Asks: 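Following this message is one structure expressed as structure tokens.
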Amino acid sequence: MDLSPVRVRFAPSPTGRMHIGNARSALYPFLLARRTGGTFILRIEDTDQKRYDPNAEQELIEGLRWLGLAHDEGPDIGGPNGPYRQTERREIYHEHAWKLVELGHAFPCFCTPERLGQVRQEQMAAKQNPRYDGHCRALDPDEARRRAQSGEKFVIRFKMPKEGSITATDLLRGPITTENAALDDSVLLKSDGLPTYHLAAMVDDHLMGITHVIRGSEWLPSMPLHVHVIRAFGWDAPQFVHLSVFLKPSGKGKLSKRDTAQALKDGYSIFLGDMKELGYTPEGVLNWIALMGWGVSEDDVLSLDDMIARFNVNSLTPSPAAINFAKLDHFNGTHIRLMQPTDLAARIKPFLSAAGYLVQDEKLLKIIPLIRERLVTLDDSIPFAGFFFRDVVSPDPQELVAKDLTPAQSAQVIGKVLAILSGLADISHASAEPPLRQFIEESGLHPNQVFGILRVAVTGQKVSPPLFESMEIIGRETVLARIRCALEMLSAL
RNA sequence: GCCCCCAUCGUCUAGCGGCCCAGGACGGAGCCCUCUCAAGGCUCAAACAGGGGUUCGAGUCCCCUUGGGGGCACCA
């Protein structure tokens, strides 16, 4: 592939929460930029004042930072091609819109929304495609300019050729030819003075020197319009890459509000902010989204650096992809296991703290090897490690009763275990296992019965990290105290 | 309704005319390991949507059908 430095951008509109679709739209350009030693730009497309969400930009920036997708230019860090918020570029769009009018490729339109609505209704009633009827197309340019300047409400529309066709190329799909007659006189500049996407994005991409436009496939149908606009200005078109959409887990249709609600119920989310809180790691999330729409053969556990080294626009896939949360779990767990113990400890600590535990770093570091291969999310550290930091545990008395044993028999067993462990100067894997194994041997009990009672007594739960290693970390005194407590509970049954 | 795009195991995908009675990963099933739960190892089930062409030869190229997705705003 061509490795000359690209200039690419992530250009979200700040209208809501950052989700995996956004993240992937940022990831691929980022990878391409890093792969080629190019430039990755963040641009905020905030021209829709109705849908504007003042918190969105910050969430977007935080999301990028969390994922590790650092941009080289953007509204928060500046750069030579600013401003990077479209509302701060009004004059630029104005100039360009009128330039197009001058060149005869656009025209001011004074039609009211009411008239347009009526026309649309009539067209639909006549089973025609709803489209602009060309009412203001033939207006005298000077007259139109005068009316516009006198304060009359107007928009500027692209003057789409009536005949001919245009061929626009998507890198993943090849050339796509469209009849101009099928295209509309789209609005470029709105009556509020702000541009539509069709003008703003084309102007900005040109002015910012964008070489590859990587965006969602919802833009594929307007690519012909975009190429028309670009050519009307006399510019060279960038390479277009349209990413496939994410489908709901069933693969039937794209994600809806209901699906995101359902995901949350199942303990998942498509929003980055939620995913972080649920204990997903940037590495896991990145790996997951990277592989939805990107064909990598064989080794598919990839770090960001691996992705950069292997990324290639041509291996992106054009077909829609159903999201699969089980795979997210897999990647998350895999990347957790790949982490350095100190790194993992640092990431787990906030979760434990938030759960109310006072965490000692040294102790946590000792726990890491015991729990790392058991974690799917960082949040799982709470059930797996919480009991290490608790003063007392409160097991369910019923769970202290071993399989096929009565409460009294179970009490007898744990009493014997207590006697054995009490006799030890310290409780470690090496010191505790042999005498307990010997006891099991002599008693004819099953290891699961003895260790099961002990596990519940010491950890307060039926599922835990390995018993002996856990007891070693908890310490002799606490272990014995917890066993005595369990013995009392059993005796009371 | 009109326009556009897409089509390999349940899911994400490899495959760019012979290397494919189709490979990997997730998930599923089984076995091993084992103090619970995991992790790990091994094994198994599982797909070229259908129909026409082109070709000595098609999952790979073309056409149609079907299915899926997207778009048709003074939203992006």
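First the proteins, then the strands, lettered A, B, ... as listed; each starts at 1. Keep in mind it's a predicted model, so treat the numbers as computed, not measured.
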Asks: Tell me: CZ of A:R372 to P of B:A38, nearest whole Å?
Replies: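 A:R372 atom CZ is separated from B:A38 atom P by 19 Å.
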Asks: Applying side chain to side chain contact (heavy atoms under 4.5 Å, CB included), can you list everything that pairs with A:S470, at least two apart in sequence or on another chain?
Replies: A:L370, A:F387, A:F388, A:P465
Asks: Closest-nucleotide mapping onto RNA chain B: is A:L172 or A:H330 further toward the 5' terminus? I mean the 5' end.
Replies: A:L172
Asks: Taking only the C1' atom of each, what is the distance from B:G24 to B:U34 in whole angstrom?
Replies: 29 Å
Asks: Would you indicate which nucleotide in B:A76, B:C6, B:G40 comes nearest to any side-chain atom of A:R337?
Replies: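 Shortest atom-to-atom distance from the side chain points to B:G40.
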Asks: Determine the contact category for A:L467: base if any of its heavy atoms lies under 4.0 Å from a base atom, sugar-phosphate if only primed atoms, P, OP1 or OP2 are that close, otherwise nothing.
Replies: base
Asks: Determine the contact category for A:E469: base if any of its heavy atoms lies under 4.0 Å from a base atom, sugar-phosphate if only primed atoms, P, OP1 or OP2 are that close, otherwise nothing.
Replies: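 The answer is base, as A:E469 lies within the cut-off (heavy atoms under 4.0 Å) of a base atom.
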Asks: Rounded at 0.5 Å granularity, tell me how far NE2 in A:H105 sits from NE2 in A:H228.
Replies: 8.5 Å
Asks: Could you tell me whether the phosphate oxygens of B:A76, OP1 or OP2, come under 4.0 Å of any side-chain nitrogen or oxygen in A:R51?
Replies: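 No, no such contact exists.
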Asks: So what does A:A182 touch, heavy atoms closer than 4.0 Å: a base, only the sugar-phosphate, or nothing?
Replies: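 Contact class for A:A182: none.
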Asks: The side chain of A:K190 is closest to which nucleotide in this list: B:U13, B:C75, B:U11?
Replies: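 Taking heavy atoms from C-beta onward, the closest nucleotide is B:C75.
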Asks: Rounded at 0.5 Å granularity, tell me how far CD1 in A:I289 sits from CG in A:L272.
Replies: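 These two atoms lie 7.0 Å from each other.
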Asks: Does the base of B:G27 carry an N or O that pairs as donor and acceptor with the side chain of A:N324 under 3.5 Å?
Replies: no
Asks: Is A:K254 salt-bridged to A:E218, going by a charged N under 4.0 Å from an acidic O?
Replies: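 No, this pair does not count.
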Asks: Can you tell me which nucleotide in B:A73, B:U36, B:C5 comes closest to the side chain of A:N448?
Replies: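 Minimum distance to the A:N448 side chain belongs to B:U36.
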Asks: In terms of the nearest nucleotide of RNA chain B, which residue is placed more toward the 5' end: A:P175 or A:V187?
Replies: A:P175
Asks: Using atom C1' in both nucleotides, what's the gap between B:G15 and B:C20 to the nearest angstrom?
Replies: 9 Å
Asks: Counting only side-chain heavy atoms from C-beta out, which of B:C74, B:U36, B:C35 sits nearest to A:V463?
Replies: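 Comparing B:C74, B:U36, B:C35 against the side chain of A:V463, the answer is B:U36.
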Asks: Within the 4.0 Å heavy-atom criterion, would you say A:W288 contacts the bases, only the backbone, or no part of the nucleic acid?
Replies: nothing
Asks: Using OP1 and OP2 only, check whether a side-chain N or O of A:S464 sits under 4.0 Å from B:C37.
Replies: no
Asks: Would you mind pulling out the nucleotide paired to B:C44, Watson-Crick or G-U wobble, both distances under 3.5 Å?
Replies: B:G28
Asks: Looking only at atom P, what distance separates B:U65 and B:C3, rounded to whole Å?
Replies: 12 Å
Asks: If I take atom CG in residue A:D259 and atom P in nucleotide B:G69, what distance separates them, rounded to the nearest angstrom?
Replies: 12 Å
Asks: Under 4.0 angstrom, heavy atoms only, what part of the nucleic acid is A:R157 near: base, sugar-phosphate, or nothing?
Replies: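 It contacts sugar-phosphate atoms only.
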Asks: For A:R374, is there an ion pair with A:D380 - N to carboxylate O distance below 4.0 angstrom?
Replies: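 Here A:D380 does not pair with A:R374 in a salt bridge, since their nearest N and O are not under 4.0 Å apart.
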Asks: Please work out if A:T459 contacts a base, only the sugar-phosphate, or nothing of the nucleic acid, heavy-atom cut-off 4.0 Å.
Replies: nothing
Asks: For a quick check, tell me whether the side chain of A:S191 and the base of B:C74 share a donor-acceptor pair closer than 3.5 Å.
Replies: yes
Asks: Pick base, sugar-phosphate or nothing for A:N129, based on heavy-atom distances below 4.0 Å to the nucleic acid.
Replies: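 Base, at least one base heavy atom under 4.0 Å.
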Asks: Just checking A:G253: base, sugar-phosphate only, or nothing, at a heavy-atom cut-off of under 4.0 Å?
Replies: sugar-phosphate
Asks: Report the nucleotide, chosen from B:C12, B:A38, B:G27, that has the shortest atom-to-atom distance to any side-chain atom of A:A326.
Replies: B:G27
Asks: Between A:R437 and B:C35, is there a side-chain N or O to OP1/OP2 distance below 4.0 Å?
Replies: yes
Asks: Please name the nucleotide paired to B:G67 by Watson-Crick or G-U wobble geometry with both distances under 3.5 Å, or report none.
Replies: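 When the pairing criteria are applied, B:C6 turns out to be the nucleotide that pairs with B:G67.
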Asks: Taking the six-membered ring of A:Y132, is NZ or CZ of A:R157 closer than 6.0 Å to its centre and within 45° of its axis?
Replies: yes
Asks: Please report the C-alpha distance between A:H226 and A:F158 in whole Å, then the side-chain angles of each, then the deciding distance to 0.1 Å, and finally whether the ring pair (Phe, Tyr, Trp, His ring centres under 6.0 Å) criterion is met.
Replies: CA-CA 10 Å; A:H226 296 160; A:F158 188 72; over 10 Å; no
Asks: A:R17 CZ to B:A76 P: how many Å, rounded?
Replies: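 These atoms are roughly 23 Å apart.
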Asks: Compare side-chain N and O positions of A:T317 against OP1 and OP2 of B:C6 and report whether any pair is under 4.0 Å apart.
Replies: no
Asks: Over all strands shown, is A:P195 touching base, sugar-phosphate only, or nothing at heavy-atom distances under 4.0 angstrom?
Replies: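 Here A:P195 touches the backbone only, sparing every base.
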Asks: Sticking with atom P, work out how far B:G40 lies from B:G53, rounded to a whole angstrom.
Replies: 50 Å
Asks: Whole Å only: how far is the CD atom of A:E152 from the P atom of B:C74?
Replies: 18 Å
Asks: When the distance from CG of A:D300 to P of B:C12 is rounded to whole Å, what number comes out?
Replies: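 Rounding to the nearest Å, CG of A:D300 and P of B:C12 are 14 Å apart.
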Asks: Expressed in angstrom and rounded to an integer, what is the separation of A:E122 atom CD from B:G1 atom C1'?
Replies: 18 Å
Asks: Please measure how far the P atom in B:A29 lies from the corresponding atom in B:C62, and state the result in whole Å.
Replies: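 One P to the other, the span is 41 Å.
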Asks: So if I take every side-chain heavy atom of A:V245 and compare against B:A25, B:G70, B:C35, which nucleotide ends up nearest?
Replies: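 Taking heavy atoms from C-beta onward, the closest nucleotide is B:G70.
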Asks: Nearest to the A:P466 side chain among B:G69, B:C35, B:A7, which nucleotide is it?
Replies: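 Of the options given, the side chain of A:P466 lies nearest B:C35.
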Asks: Students often get this wrong, so: under 4.0 angstrom with heavy atoms, is A:P249 touching a base, only sugar-phosphate, or nothing?
Replies: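 Touches nothing.
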Asks: With a 3.5 angstrom cut-off on both distances, give the Watson-Crick or G-U wobble partner of B:C16, or none if there isn't one.
Replies: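 B:C16 is unpaired by these criteria.
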Asks: Please state the P separation for the pair B:A7 and B:U13 - nearest whole angstrom.
Replies: 11 Å
Asks: Hey, does the side-chain of A:R455 have a donor or acceptor N/O within less than 3.5 Å of a partner on the base of B:C35?
Replies: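 Donor-acceptor pair under 3.5 Å: yes.
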Asks: Among B:A76, B:C37, B:C26, which nucleotide sits nearest the side chain of A:S13?
Replies: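 Of the options given, the side chain of A:S13 lies nearest B:A76.
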Asks: Taking only side-chain nitrogens and oxygens of A:R173, does any of them come within less than 4.0 Å of OP1 or OP2 of B:C6?
Replies: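 For B:C6, neither OP1 nor OP2 has a side-chain N or O of A:R173 closer than 4.0 Å.
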Asks: Would you give me the side-chain donor-acceptor pairs under 3.5 Å for residues 445-456 of chain A, sequence neighbours excluded?
Replies:
from: A:Q449; atom 1: OE1; to: A:H446; atom 2: N; distance (Å): 2.8
from: A:Q449; atom 1: NE2; to: A:K403; atom 2: O; distance (Å): 2.7
from: A:R455; atom 1: NE; to: A:S464; atom 2: OG; distance (Å): 2.9

Asks: Can you tell me the pairing partner of B:C61 across any strand shown, Watson-Crick or G-U wobble, with both distances under 3.5 angstrom?
Replies: B:G53
Asks: Test ring pair (Phe, Tyr, Trp, His ring centres under 6.0 Å) on A:Y197 and A:W219 and set out the steps.
Replies: CA-CA 10 Å; A:Y197 176 91; A:W219 294 113; 3.6 Å; yes
Asks: Using atom P of each nucleotide, how far apart are B:C21 and B:G27 to the nearest Å?
Replies: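 Roughly 29 Å separates the two P atoms.
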Asks: Roughly how far apart, to the nearest Å, are B:C9 and B:U60 at atom P?
Replies: 14 Å
Asks: Is the count of non-hydrogen atoms from other residues, nucleotides or ligands lying under 6.0 Å from A:K190 atom NZ greater than 12?
Replies: yes
Asks: Given atom CZ of A:F384 and atom P of B:U36, what is their separation to the nearest angstrom?
Replies: 13 Å
Asks: NZ of A:K327 versus C1' of B:G27: gap in Å, rounded?
Replies: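 Whole-Å distance recorded here is 9 Å.
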Asks: Considering only side-chain heavy atoms of A:I176, which listed nucleotide, B:C35, B:C4, B:C75, is closest?
Replies: B:C4
